[in-house]
Structure formats: structure tokens, C-alpha cells
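All figures in this text were calculated on a predicted structure; none of them were measured in a lab. All ligand and atom numbering here is 1-based and tracks the order in the structure.
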Amino acid sequence: MGFGWNFDNSYARLSDTFYASVGLHPVSNPEIVVFNNPLAKELGLDSNALQSEEGVQILAGNKAPEGSFPMAQAYAGHQFGYFTMLGDGRALLYGEQITPENERFDIQLKGAGRTPFSRGGDGRAALGPMLREYIISEAMHALGIPTTRSLAVVSTGEKIIRETDLPGAILTRVAASHIRVGTFQFVANWGTYEDLQSLASYTIIRHYTDIPNSDNQYLYLLQEVIRKQAELIAKWQLVGFIHGVMNTDNMAISGESIDFGPCAFMDVYHPETVFSSIDTHGRYAYGNQPKMGLWNLARFAETLVPLLDDDEEKAIEIAQGQISQYMGLYEKHWLSGMRAKLGLFDEEEQDKALADELLSIMQKHRADYTNTFRALTVGKLESLPIHGTDEFDKWLQKWEERRGRQPQSIEESYELMRNSNPAVIPRNHRVEEALEAAVNEGDFSVMERLLAALADPYDYSSGANEEYCILPKNPDRPYRTFCGT
Ligand code: AMP
Ligand code: MG
């Protein structure tokens, strides 16, 4: 059958230190529970063929597609600060699909069974967490945030054993690549100098082809990775996204968001918001994410030291020089995004103070982050808990004056806001509700409706998706999402 597969396996052409080729672990009764038609099309894949009985076998890891080279990638990582060897313990990379537009995307199955890197694990994934990754990654994409994507989730028909028995599932993940900070850490620790050079050169060819052909291309690699992460994490902050597990193995060198485990969007604005039940010390709290990005990038920079200069001291100095750029870049992206959220086109000195003041009013009165910007965007402020307070009235006046000082009309300013402030986000209680219906009742319609709303997050046409703006009944209860294992 013609599925449209067009694999190249460039990663397999690297030294086999970087991966282990793996066999398949068929599952008994695979069924597609969600499939991404638009993404299949972009990849040059035939949706009908992939959803046929033969296609499902491929998405379940029962039968390898033509031209694939099933492998598990090796990587290490700092998990909550502690360094350890990891690797794909439950993921299988089929290869790189070359699209009709000549783009290259990893096609990976998550939950496809044991690999040489599984340690004590079963190599499997549960349906709930795989659907969560599908929902969140597609929502992030629609929000305009660089991210890995999800082509399909297949239920396996098998139970996996956790605290209770759970239905098993496999996610087909699509990524610019799966090269992580942890991949570099693995090579820096256990590979040779040549391995490190080869990984860095491969990464440049794969993601950073614009790098000038100078004698220090690895310095540019470091610079570009820092630039992309600063931009990415600013985008997370601007929509209130909390990744939950920003370990170095969960930071992609491509600049895509990756590995959506216990992640969620913040409701009430508070920098200390934590969603993950395993993040007991708040290491990856909302307000810490920019700093944790810096921490991870410093680990990345360390791996590149041997490539930056023959003189180690000089190399460290070069690396530090690059790392010291990050916070400024992050703040620049954040502020420019914040200006857009406030309908500001030009720059004034006090803009950061204006934004910070709004955030602190929101924090004090426990205002919802997304709905506050939404209300400002549509000009309906009455429903906000900050409405009618002295501080907010004063702030509104400053904001109006500020908007009045720019040449653009108020209508243009509102248009900018509509394009910058999502009207809907995947609120955790709605995601949970969709997962519960799917996992416990076999009812996927709740998720389908949610996915449809999230596909168009900047749609402000009258009444569109207003039901998804409703806050959880008990917003004081801290949400805890659980790790996707
Ligand atoms: P994650 O939490 O998905 O980022 O995974 C962290 C590490 O644990 C990775 O090396 C995974 O491959 C591994 N891992 C997670 N769950 C399992 C599992 N059920 N079986 C084997 N390895 C796993
Ligand atoms: Mg991971």
C-alpha cells in the first residue's frame, strides 16, 4: 500500500555510539483513537492508508514502514539537578520523513516497548498521558509556539501496570529532531572528541544551516541554541505555559518544546505556580522557567567547551560570554511579546513597568492570566476580580494614555491584541475532563470538541468557544498533573 513514506536515516549514519537499533514489540489489538489529518498531509502521508488496518500496524509499532531504521537514541540528562544516563527507554525512532516541501521530520513512536535503554521500565505508555501530549502539543502549535507535534494516538488493547492497571497507548510524535541537551551531555561524558565534533556538525547541518562557514562554527551553534531557547521560553511565559519537567533531556536543541508530561497552563496568575506532582520543591515553577532555561543552557555550553578553543580556559570564557547573553535576549523577547499583548506597537522606557504592574495587580487579586488579557482585548472588564479596584483603575488610565501616544489607531491596537492574546487555552480542568471521558468511558467526543476549539485559539468571532474560558469551579485547589510514565 502507498502510505507516502519517504524516509532518510541520517541519524543512523552517525556512529552507533549514538543509538541502538531495536526490534519491534507488537501489541495485540491496536486501534487509532485520534489522528491528525492536516499534519499527515504536510508530511506527505496518505491519511486513509495510515488509518487502514495495515496503517494501524505501522502506528502501533507492529510493522516497520518501508525505508525505516527503528532505533532508540542514546542520551543523558540532569533530572531535577541530578545527572544520569537515560536514552529512549520507551520510544522508537522510525527515521526522518522527507516531506513534499523537502523538510525533514523525525517520526517517533512513544510507548513502543522496551529498548536497551529501558532500565527497569516496561517501555510502555498509558492512554491518558499520550492523549495529554497530543492535546497540548497541537494546542502549542496552534498558538504559534515551536513544538514537536502529534500525528496519532493508538490504543494498544493491552493493560499496563502502574499503581492501577491502565490502558496502554502509543503516540506518533513528529519533531524537527530529538537531539536534546542530554544528547550532547551523553556524548561529552561517554563519547570521544570526534563523536562530539560529529554530533555538533550534524546538528548544525540539521538545524542551523544559516551559520556562517567560519572557523568557529561551534560558537555560532551555541549562540543560536541560546537565542532559540530564549525566544521559546519567552513564548511559554507569555501564554502561561508551565512545562513541568525542564530536565536537560527534555530540552530540544532545535528550539521546539518537547516531552509534554506533567505540563499545564496556568489559570490564576502566580509566579510560584507548580503543576507537576513530582516537582515538590517548585524547581520548575512558572516563574522559575526562564532561570531553569539558563541552567540547562549552561550545561549545554559545558559540553561544547572542547570544541570552542584548544585552550580550555579560553573556551570556558567564550562559553560564559555566550551564556551571559541569554537573560537579556529572553527579556527582550518577553517584553516585545508583552507589548503586543497590550496592543503597543512602539517602545517606551516604562513599558516593562507597565506590564509588571498589571501582573502584580493580577497576582494580588488572584486574577486569571489568560482571561485578564482576553478581557482587555475585548474591552469587557466587569467580570475580572481586579475590576473596580483603585490600582486597576489607575493602571487602565496609564495604559490608555500610553496607547494614545502611539500613531496607530485604537482599532489597530485591538487587532494586535486579538492576534497576541489567546481567546482559548487548554485549561487543565478541560483537558482532565477530556482525558477522563476518553480513558474511563471510551468517549472521545469531549476531546474532539476541545481539540477543535484549540485549533483556532485567536478566534474572537462572537461567542466562539466561550465555554472554554470558564474557570475551574475551585480555582484555589492547586492542580497536580502526573508524570507521563
Ligand atoms: P520522560 O519522563 O518521558 O521524559 O522519561 C524520562 C526517561 O525515563 C527517559 O529516558 C525515558 O525513556 C524513560 N522512561 C520513562 N518511562 C519509561 C518506561 N515506562 N519504560 C522505560 N523507560 C521509561
Ligand atoms: Mg523526556
| Atoms of ligand 1 close to R162 [distance to a heavy atom under 4.0 angstrom, numbered from 1] | 19 (N)
Indicate every side-chain donor-acceptor pair of residues 166-175 with a distance under 3.5 Å to a residue at least two apart or in another chain.
residue	atom	partner	partner atom	Å
R173	NE	Q108	OE1	3.2
R173	NE	H178	NE2	3.2
R173	NH1	E133	OE2	3.2
R173	NH1	D259	OD1	2.6
R173	NH2	Q108	OE1	3.1
R173	NH2	D259	OD1	3.3

| field | ligand 1 contact on R114 by region, counting heavy-atom pairs under 4.0 Å | value | neither
| task | Select the closest option to atom 7 (C) of ligand 1 among R124, R90, R119, judged by heavy-atom distance. | result | R119
| task | Pull out every atom of ligand 1 sitting under 4.0 Å from any heavy atom of Y75, numbered as shown with elements. | result | 9 (C), 10 (O)
| task | Pick one of side chain, backbone, both or neither for how Q73 approaches ligand 1, counting any non-hydrogen atom pair under 4.0 Å. | result | neither
| note | Atoms of type N, O or S from the protein that sit nearer than 2.8 Å to the Mg ion (ligand 2) number exactly 2
| request: Could you tell me whether some N/O pair between F117 and ligand 1 is separated by less than 3.5 angstrom? | output: no
| ligand 1 contact on N250 by region, counting heavy-atom pairs under 4.0 Å | side chain
| query | What do you reckon, does G261 put a non-hydrogen atom under 4.0 Å from ligand 1? | reply | no
| query | Hey, do the aromatic rings of Y286 and F275 have their centres closer than 6.0 Å? | reply | no
| said: Just to check, does E133 reach to within less than 4.0 Å of ligand 1 when the distance is taken from its heavy atoms? | reply: no
| field | Under-4.0 Å salt bridge between R430 and E433 | value | yes
